[in-house]
There are 2 protein chains.
Amino acid sequence: MDGIRILIVDDQPLVRRGLRSVFEGLPGIVTVGESPDGLDAVRDVRRLRPDVVLMDVNMPRMDGLEATRRICAPEENSGTRVIILTMYDRDEHVFEALRTGASGFLLKDSPTSTLEQAVREVAAGEALLSPSVTRRLIGEFARRPSLSTPGAELSHLTDRELDVFRLLVCGHSNQEIARMLVLGESTVKSHVQHLYQKLGVRDRVQVVIYAYENGLIDRRLLPA
Amino acid sequence: MDGIRILIVDDQPLVRRGLRSVFEGLPGIVTVGESPDGLDAVRDVRRLRPDVVLMDVNMPRMDGLEATRRICAPEENSGTRVIILTMYDRDEHVFEALRTGASGFLLKDSPTSTLEQAVREVAAGEALLSPSVTRRLIGEFARRPSLSTPGAELSHLTDRELDVFRLLVCGHSNQEIARMLVLGESTVKSHVQHLYQKLGVRDRVQVVIYAYENGLIDRRLLPA
DNA sequence: GGTGTTCTCCCCCGCCCGGGGGAGAACATG
DNA sequence: CATGTTCTCCCCCGGGCGGGGGAGAACACC
C-alpha cells in the first residue's frame with residue numbers, strides 16, 4: 001500500500017501538466033503516467049496497472065468514452081477505475097458516459113479539493129459526480145419505474161414463461177394469451193406471476209416497460 | 001439574499017441539536033426551524049418557506065419520504081429543496097428515496113464539511129449524494145439502455161392529461177398518480193379514460209406500448 | 001427410489017381497473 | 001349572456017388482475 005497510483009489521460013500537454021501538479025503535493029497519491037489519447041491509455045493501463053485513471057473525453061484516435069469502456073471491460077480484469085473529466089455537463093453524452101463503466105464524472109473546473117476527494121473515494125471503490133451531473137442523473141433516474149432487480153435478463157425464464165412474455169408485451173390480456181396458447185387462464189396467471197418474480201416487477205405494465213428499456217422488443221420474435 | 005434558510009427535521013432532539021450546531025457558525029446559512037416529524041415538517045415548510053430541508057427518514061406519524069414527496073409536489077410550489085439524511089446506504093429504500101423528489105441523499109455520518117457543501121449546492125439548484133449512494137445509483141443506471149426519439153401526436157391531449165400520461169407510462173398506478181399530482185383517484189381515472197379514447201387503446205398496457213412504438217418516451221416529456 | 005423442475009390447473013381473496021353515467025366550477029370565446 | 005372546454009370529483013357495476021396457497025403429472029438426474 002504505497003499510495004494510490006493514477007494515470008492522466010488528456011490530449012493537451014498543458015492540461016496534463018496541470019493535473020500532475022494538482023496531485024504532486026498530495027500524500028498517498030502518485031502519478032504513474034500520462035497518455036495523450038484513448039488508444040495509448042488502454043495500452044498504458046495494461047502496462048502500468050494504475051488504481052485510478054483521470055480520463056478526458058475529446059481526444060484524437062480514440063475518445064475517452066471508448067477507452068473507458070475497454071478499460072472497464074470485465075475481460076480486462078484490471079481493477080482500474082476511471083474518472084471522466086469534461087468541460088461540459090450539459091453534454092448529451094453525460095448519460096452515455098455513465099454507461100461506460102466509469103466511477104466518476106467531474107467537470108474540469110472542479111476545485112482541486114474535489115479532484116483529490118474524487119480520486120480517494122474512487123480508489124476506495126466508491127463513486128463521485130459533479131453536483132450538476134448528479135442532479136441530471138437523479139432527474140433521469142426518478143422517472144424510471146422501479147425495476148430494482150439486478151441482472152435478471154430473460155435467461156432464467158422457462159420456455160413456457162417466454163411464450164407468455166412475448167404475448168404479454170404485445171398488450172394481450174391473460175384471457176387472450178390463454179386462448180392463443182390453448183391453455184387455461186389459471187395457467188397463464190401462474191406463468192405471469194412467475195414473470196413478475198423473476199423480472200422483479202409489480203404488474204404487467206412494468207413488464208412491458210422492462211422489455212422496452214432493455215431492448216427486448218424484437219418484432220421478429222413476435223407472432224402476428 | 002440574507003443567506004440560505006434551512007429547516008431541520010428529525011424525531012431525536014439530540015440529532016436536531018447536533019445539526020443546528022453544525023450550521024451555527026457557518027456564514028450565509030441560518031437555521032429557521034426544527035420539526036419532530038414529517039407531518040409537522042410539511043406544515044413548517046409552508047409556514048417558514050425554507051430554502052433547504054434536512055430530512056430524517058424514520059419518524060413517527062409521517063416518515064421523511066412521504067413528507068419529501070409532499071414538499072416537492074409541484075402544487076406545493078414551494079421552491080424548497082430537500083436533503084435526505086439516513087444512517088443506512090444499504091437500505092433497499094435508497095432508490096425509492098431518490099424518487100421522492102429530493103435533491104440530496106447523505107449519510108448521517110458524513111463529515112460536517114460535506115453537510116455544508118451539500119446545503120450550498122442544493123440551495124444553488126444542484127444535487128449531492130453520498131459517494132456510496134452515488135456508486136449504487138450509477139450501477140443501477142448503467143444497466144439501463146436508453147432510447148431517445150423526438151415525439152409527436154400528443155397534441156390532442158390537454159395539459160392535465162399529459163401529466164397523467166407521463167406518470168402512467170412510467171408504470172405508476174392510478175393511486176400513485178393521484179398522490180403524485182395531488183388529485184382524487186376519481187380524477188385520475190377520468191383523465192385515464194380520456195387517454196384511452198384519444199389514443200385509441202384499451203388499457204394502460206397498450207398506452208405504454210403506444211408510447212414506446214411512437215417514440216414518445218423522451219426525457220423532455222418529464223420535469224427536469 | 002428420491003429429488004427437482006416444469007407445466008398444468010384449481011381454490012381463495014381483495015383490490016385495482018375499465019366503463020358508464022353525471023355534475024359543479026373556472027375560464028375563454030363568441 | 002351563451003357556449004364550449006377543461007378540470008375536478010362523485011356514483012355505480014363487473015371483471016380483470018395481483019397474490020397466496022396447493023396439487024397432480026411428466027420428465028430428468030443421481
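So that the names make sense, note that chain A is the first sequence line, chain B the second, and so on, each numbered from 1.
Side-chain N/O atoms of Y196(B) include one lying less than 4.0 angstrom from OP1 or OP2 on dG18(C). Contact annotation: N174(B) reaches the phosphate of dC17(C) (side-chain N/O to OP1 or OP2, under 4.0 Å).
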List every contact pair, protein side and nucleotides 3-12 of chain C side both N or O, where the distance is under 3.5 Å.
from, atom 1, to, atom 2, distance (Å)
dC7(C), OP1, R160(A), N, 3.2
dC7(C), OP2, T158(A), OG1, 2.4
dT8(C), OP1, R160(A), NE, 3.1
dT8(C), OP1, R160(A), NH2, 3.2
dT8(C), OP2, R160(A), NE, 3.1
dT8(C), OP2, H191(A), NE2, 3.2
dC9(C), OP2, G184(A), N, 2.7
dC9(C), OP2, T187(A), OG1, 2.5
dC9(C), O5', T187(A), OG1, 3.2
dC10(C), OP2, S186(A), OG, 3.4

Could you pull out all donor-acceptor pairs under 3.5 Å where a side-chain atom in residues 182-189 of chain A meets a protein atom, sequence neighbours excluded?
none

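Atom CZ in R204(A) sits about 13 Å away from atom P in dC17(C), given to the nearest Å. Remark: P of dG18(C) and CG of L199(B) are 13 Å apart, rounded to the nearest angstrom. Regarding Q193(A), its CD atom lies at a distance of 17 Å from the P atom of dC13(C), rounded to whole Å. With rounding to whole Å, L168(B) atom CG is found 9 Å from dC17(C) atom P. Here dG16(D) presents its P atom at 12 Å from CG of D203(B), a figure rounded to the nearest Å. Atom CD in Q175(B) sits roughly 13 Å away from atom C1' in dG14(C) (whole-Å rounding). Taking atom CZ on R202(A) and atom C1' on dG19(D), their separation rounds to 14 Å, with Å as the unit.
In terms of the salt bridge (Lys or Arg N to Asp or Glu O under 4.0 Å) criterion, residue partners of R61(B) (sequence neighbours excluded) are, by chain and number, D37(B), D40(B). Residues satisfying the salt bridge (Lys or Arg N to Asp or Glu O under 4.0 Å) criterion with R47(A), sequence neighbours excluded, are D44(A). Remark: K198(B) engages E161(B) in a salt bridge (Lys or Arg N to Asp or Glu O under 4.0 Å) (not counting sequence neighbours). With sequence neighbours excluded, the residues satisfying side-chain contact (heavy atoms from CB on, under 4.5 Å) with A118(A) are I83(A), L106(A), L128(A). Applying the salt bridge (Lys or Arg N to Asp or Glu O under 4.0 Å) criterion to R5(B), with sequence neighbours excluded, gives no partner residue. By the side chain to side chain donor-acceptor pair (under 3.5 Å) test, E34(B) pairs with R16(B), R20(B), sequence neighbours left out.
Checked for salt-bridge contact, R204(A) and D203(B) miss the test: no charged N lies under 4.0 Å from a carboxylate O.
Here E176(B) contributes atom CD and L181(B) contributes atom CG; the two are 11.5 Å apart, rounded to the nearest 0.5 Å.
One axis for each end of the helix from dG1(C)-dC30(D) to dG30(C)-dC1(D), each built from five base pairs, and the angle between them comes to 40° at 10° resolution.
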